[in-house]
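A note on names: the letters A, B, ... follow the listed sequences, proteins ahead of strands, and every chain is numbered from 1. Values below: all heavy atoms of this structure, side chains included; hydrogens, waters and symmetry mates excluded.
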Number of protein chains: 2
Amino acid sequence: MTSYKNQKKLLAAVDCIIFGFYEQTLKVLLIQRGFKPEEGKWSLMGGFIQPTEGPDQAANRVLSSLTGLHGVYLEQLHTFGDPNRDPYERTLSTAYFALIDIQQYEKQITEAYHAEWFALNELPELIFDHEDMITMALEKLRYKAALHPILFELLPTKFTIPQLHGLYESLYNTSLDKRNFNRKVLSTNLLVKQNDKEKTSSKKGAYYYKLNKKSYKNNFQAFLTMIPVPVSFKTM
Amino acid sequence: MTSYKNQKKLLAAVDCIIFGFYEQTLKVLLIQRGFKPEEGKWSLMGGFIQPTEGPDQAANRVLSSLTGLHGVYLEQLHTFGDPNRDPYERTLSTAYFALIDIQQYEKQITEAYHAEWFALNELPELIFDHEDMITMALEKLRYKAALHPILFELLPTKFTIPQLHGLYESLYNTSLDKRNFNRKVLSTNLLVKQNDKEKTSSKKGAYYYKLNKKSYKNNFQAFLTMIPVPVSFKTM
DNA sequence: GCAAAAGTGTTCTCAATACACCCATGC
DNA sequence: GCATGGGTGTATTGAGAACACTTTTGC
């Protein structure tokens, strides 16, 4: 160990893996870079950490500048710092992943950034190590969502159980028994049944539910075991 | 988003939370700083990320320079970057936690660094945000160890089931039924019984076991549920 | 009246828990 | 011979998994 003097400084950035769910599919929001280097290529939304902010703040700033959203679910994932990860200049990047309700973000902003949603099996070519970041984010999301009731963050305030069911099936690329699934989610006491129904995706219509926010906050740590346990868990 | 020009660079460091287990207690290895600022105070072992290395390499370098160990369990925990976390100069620090077999590290090295083992409830005052780092590392260790067979990394090659039992009890600060515990660990098929016994801690002696390395590698992702589930899980 | 999705109950199996006694040995 | 820690078996309970039919309604 040595003193602070003579230590090389480096650029520090954040990158956001922004997940959204629509058309029964989990997607990520990518932008087409409007600046060099790699202009025109696809990448995660990112930005440099400014002198007055910490990484969390930087990630929040970046996220809300792209989506217009504040207070959404945002969690630090991992710091990537291979000396050659950015061929133009040594840059450390701390990746964050965000879960947003796709119905609430401001479309005009994302359009101004040339942002688009991509299904996870249809990703375009990405700059640097951004594909690794997405892979790791997806693994962590799978891991967490199997244990904690986190996926509600991807749904609108009012949602139906079949929607939630589809979300789990999409994330784990599996099929889950409807009856067992319903019983399990309802047994958490996290859901409050509404009186109205969502009628676009079926004739019968599915009841809307809302999150019981208080119970959600208290039970977030609670285990769920929504998913039959050994579903492709990678190391966290 | 902006180009690379005019972006402020900052110092980037790593800090290692090094866990060890002896005297039936989980401990962390701390050093007494031999340089300014904060000379003489206790801190985690750390170092700056060099131009030719990534954070993982830096953490490995720092860890082995203190312990003499290579190839031990080391995992990135979190990046701390509050603008004021280091009052002397803006520094980003990526924290790593390591699990070592306390019998294998080289004592002369740690002594040269004025390093000492501290039980987690007897920590001295630490510089900067190092206490937060330890708290977070402990939470993550608890979380992971409840789900994955990770604690073997803290034990010597040959260990007894009562030792393992004590380790779990120490980490979770709880008591676990001996019979159920034995049944569970043995049912994982991770352990290979040896013919000799450890005789210092009892008259009867306890059989030594070794890890089945192959099975360990294959089953590391496997869930364990060694711990009654809702044991103080904080968000990961 | 039929297609399409929503909603609901029961049985079985297995794993988690609780719990108490015998064993081996050093002193 | 007794104190100390090591080692083992059983009965009960609850949760997860498998599984099929009825309901509603737009067309």
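Contacts of Thr160(A) with the nucleic acid, taken as non-hydrogen atoms under 4.0 Å apart, are absent.
Computed from coordinates, the Leu164(A) CG to dG7(C) C1' distance equals 15 Å when rounded to whole Å. In this structure, CD of Gln163(A) is placed 11 Å from P of dG7(C), rounded to the nearest angstrom. Rounded to a whole Å, the CG atom of Leu186(B) is 10 Å from the P atom of dG7(D). In this structure, the CG atom of Asn180(A) is 16 Å from the P atom of dC14(C), given to the nearest Å. With rounding to whole Å, His165(B) atom NE2 is found 12 Å from dG7(D) atom P. Gln194(B) places its CD atom 13 Å from the P atom of dG7(D), with the value rounded to the nearest Å. Per the geometry, OH belonging to Tyr207(A) stands 10 Å off C1' belonging to dT24(D), to the nearest Å. The NZ atom of Lys193(B) sits 10 Å away from the C1' atom of dT8(D) (whole-angstrom rounding).
Annotation: of the two residues near DNA chain D, Lys199(A) and Asp177(A), the 5′-most nearest-nucleotide partner is Asp177(A). Comparing Arg183(A) and Lys204(A) along DNA chain D, the residue whose closest nucleotide (by nearest heavy atom) sits nearer the 5' end is Arg183(A). Of the residues near DNA chain C, Gly205(B) and Ala206(A), the one whose nearest nucleotide (by heavy atom distance) lies more toward the 5' end is Ala206(A).
Closest of all the heavy-atom pairs between Phe97(A) and Ala137(A) is CB-CB, 4.1 Å.
In the set dT25(C), dA18(C), dT25(D), dT25(C) carries the atom at the smallest distance from any side-chain atom of Lys203(B). When distances are taken from the side chain of Arg179(B) to each of dA17(D), dC19(C), dG7(D), the shortest belongs to dC19(C). Checking dG7(D), dA6(C), dG26(C) against the side-chain heavy atoms of Ser202(A) singles out dA6(C) as nearest.
No hydrogens or angles considered: nothing links the side chains of Glu198(A) and Tyr209(A) as a donor-acceptor pair under 3.5 Å.
Around the NZ atom of Lys107(B), the shell of radius 6.0 Å holds no more than 12 heavy atoms that belong to other residues, nucleotides or ligands.
When the ring-ring contact (aromatic ring centres under 6.0 Å, His included) test is applied to Tyr208(B), no partner is found at least two apart in sequence or on another chain.
Less than 6.0 angstrom separates the ring centroid of Phe152(A) from the ring centroid of Phe159(A).
Taking only distance into account, the side chain of Asn182(A) never meets the base of dA6(C) through a donor-acceptor pair shorter than 3.5 Å.
Between Lys184(B) and dT17(C) there is a side-chain polar atom (N or O) within less than 4.0 angstrom of OP1 or OP2.
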